[in-house]
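Working notes, beginning with the structure itself.
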Amino acid sequence: MSVRTRFAPSPTGYLHVGGARTALFSYLFARKHGGQFILRIEDTDLERSTAESVNAILEGMAWLGLEYDEGPFFQTHHFDRYQAVIDELLDKGLAYRCNCSKERLDRLRDRQMAAKVKPRYDGHCRGQKIDADEPHVVRFSNPIDGYVVVDDMIRGRVAFNNNELDDLIIRRTDGSPTYNLTVVVDDADMCITDVIRGDDHLGNAARQINILKAWGKEPPRYAHVPMILGNDGTRLSKRHGAVSVIAYRDQGYLPEALLNYLVRLGWSHGDAEIFSLDEMIQLFDINTVNKSPAAFNYDKLDWLNQHYIQHADPLRIARLLSPHLGQLEIDPTTGPDLVDVVTAQAARAKTLKELASISAFCYRDFDYYDADAAKQHLRPVAREPLIRLRTAFELMALDDWQPESLHHVITRIADELGLKMGKVAQPLRVAIVGRAASPGIDITLQLVGKDATLRRIDNALNWIATQHDNVNE
RNA sequence: GCUCCCUUCGUCUAGCGGUUAGGACGCUGGCCUCUCACGCCGGUAACAGGGGUUCGAAUCCCCUAGGGAGCGCCA
């Protein structure tokens with residue numbers, strides 16, 4: 001039977017990084033084994049499920065490039081099927097009706113807690129004849145002795161004593177089916193061979209195996225992956241920063257960087273750090289995923305993102321960068337070709353957002369000088385070189401406004417003044433960029449263009465004048 | 001409280017009875033250099049603790065400690 005995996009999120013929020021990782025693992029496993037990857041939306045909680053969440057999940061999957069072969073399927077479309085299975089279990093005596101009151105259940109629970117035993121349903125209604133017309137829930141008759149073994153691809157063999165598991169509700173009073181039932185039915189109906197999910201479901205695997213066996217179905221293989229922790233070692237949550245994958249996109253992360261980061265959380269292949277999606281498919285092995293939870297580390301994600309920004313096709317980065325410039329109210333058509341900007345700046349930014357920020361000077365005059373840079377480089381001694389540069393630049397033909405000739409002009413003036421390159425280039429850089437950091441000065445000048453260069457040199461000279469005229473320096 | 005799971009540098013990890021405990025991020029020293037960044041070279045830093053088993057234990061067993069998950073008419 002060919003491999004079939006699924007990602008089954010509940011649409012009660014965005015796609016978070018933990019979910020994205022289990023989706024990635026499921027995707028890789030299916031692709032590696034020539035199988036199918038299925039997306040199933042578990043929307044049986046009518047109260048909390050929203051269409052917005054469904055869209056957010058779909059958007060996240062699409063952005064990451066985790067293409068599914070089937071779906072999205074919605075569990076709310078399968079209610080008839082669930083009811084039929086519940087009725088079947090009822091008919092075969094594998095499930096029973098229960099009309100225990102909330103009060104009785106609460107009392108039972110309190111008594112069990114007081115007696116220091118695990119709270120669980122006591123099977124009170126087993127074997128009782130409860131009329132289908134009176135309010136009731138349906139419970140699965142869990143085996144009362146023996147044990148269930150979850151033969152997990154990550155955790156190994158984990159045994160649960162059946163007396164730890166109780167008779168779980170599979171149909172609510174309102175007639176709706178519950179999670180463990182719907183999962184079991186869909187996994188069986190969709191011929192899912194391998195269930196890869198968060199390890200908070202390990203206990204559910206035991207329950208689901210029991211239902212599956214009672215129903216006469218072969219349980220799938222399981223792999224329960226450890227959760228992702230925040231940088232402080234506690235469960236990853238909103239207070240740790242972005243948890244929604246779309247938030248990563250909006251902050252300027254590349255999907256391949258996030259994916260690469262996520263696959264290395266709990267898994268490794270020798271000393272390799274960089275994996276393309278194809279390499280992941282080829283090398284990923286669910287059996288070698290670590291059992292222990294991993295902490296999310298933004299520094300490493302940043303490093304990977306910078307790596308990918310630097311090595312990706314500049315044309316693609318340019319397209320992805322455009323909206324980030326838009327965020328800064330910059331229209332990229334008003335300045336140099338974005339591809340040239342990307343080529344010059346790619347190694348200098350950890351995110352597209354940062355790339356946009358450090359490239360804004362190519363498109364518009366900055367509002368103020370970096371204080372330290374101006375203090376160090378825009379001093380009266382810079383007047384002479386700046387004036388000479390301005391004069392030389394003004395004489396240049398537009399066709400000559402190229403890195404090579406610009407470089408010659410700067411070195412010539414440095415020579416004439418008997419100054420080191422840095423004494424000329426740095427004041428110029430601060431004058432036209434506003435900061436002491438930018439690509440090579442010749443490239444920087446080319447990107448900024450002749451008009452803006454002359455204008456900003458004038459501005460810088462004025463600035464020096466206003467700062468220092470009153471001071472006898 | 002009960003059940004289950006986890007524990008190697010700050011972080012992600014390699015290791016699967018004999019290693020100077022390796023790599024990566026971060027931090028840091030240097031080189032390159034017109035700045036920043038990239039790149040390159042070097043450094044810092046770990047087997048949670050205690051018992052066993054063994055000639056020998058990060059590796060196997062037990063206990064303790066710490067952490068996590070589950071115990072819903074949520075998924």
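Chain naming here is simple, since letters A, B, ... match the order of the sequence lines and numbering starts at 1 in each.
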Base paired to [N] (Watson-Crick or G-U; both N/O distances under 3.5 angstrom):
N     : value
B:C34 : none
B:U20 : none
B:A75 : none
B:C2  : B:G70
B:A57 : none
B:A45 : none

Can you tell me which nucleotide in [options] comes closest to the side chain of [X]?
X      : options             : answer
A:A437 : B:U35, B:C71, B:A75 : B:U35
A:S268 : B:U13, B:U35, B:A69 : B:U13
A:D200 : B:U3, B:A69, B:U13  : B:A69
A:D299 : B:G26, B:C34, B:U13 : B:G26

Checklist entry - Would you say the side-chain atoms of A:Q83 and A:R171 include a donor-acceptor pair closer than 3.5 Å? => result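 Yes, a side-chain donor-acceptor pair sits under 3.5 Å.
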Checklist entry - Can a donor-acceptor pair be found between the side chains of A:S292 and A:N290 at a distance below 3.5 Å? => result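 The answer is no; no qualifying pair exists.
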Checklist entry - Contact class for A:P293 vs. all strands (heavy atom < 4.0 Å): base, sugar-phosphate, or nothing? => result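 The answer is sugar-phosphate, as A:P293 gets under 4.0 Å only of primed atoms, P, OP1 or OP2.
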Checklist entry - Between A:R348 and A:E354, is there a side-chain N and carboxylate O pair less than 4.0 Å apart? => result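 No, this pair does not count.
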Next on the checklist: Please report the distance, rounded to the nearest Å, between CG in A:N204 and P in B:U3.
Outcome noted: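 Interatomic distance, CG of A:N204 to P of B:U3: 19 Å.
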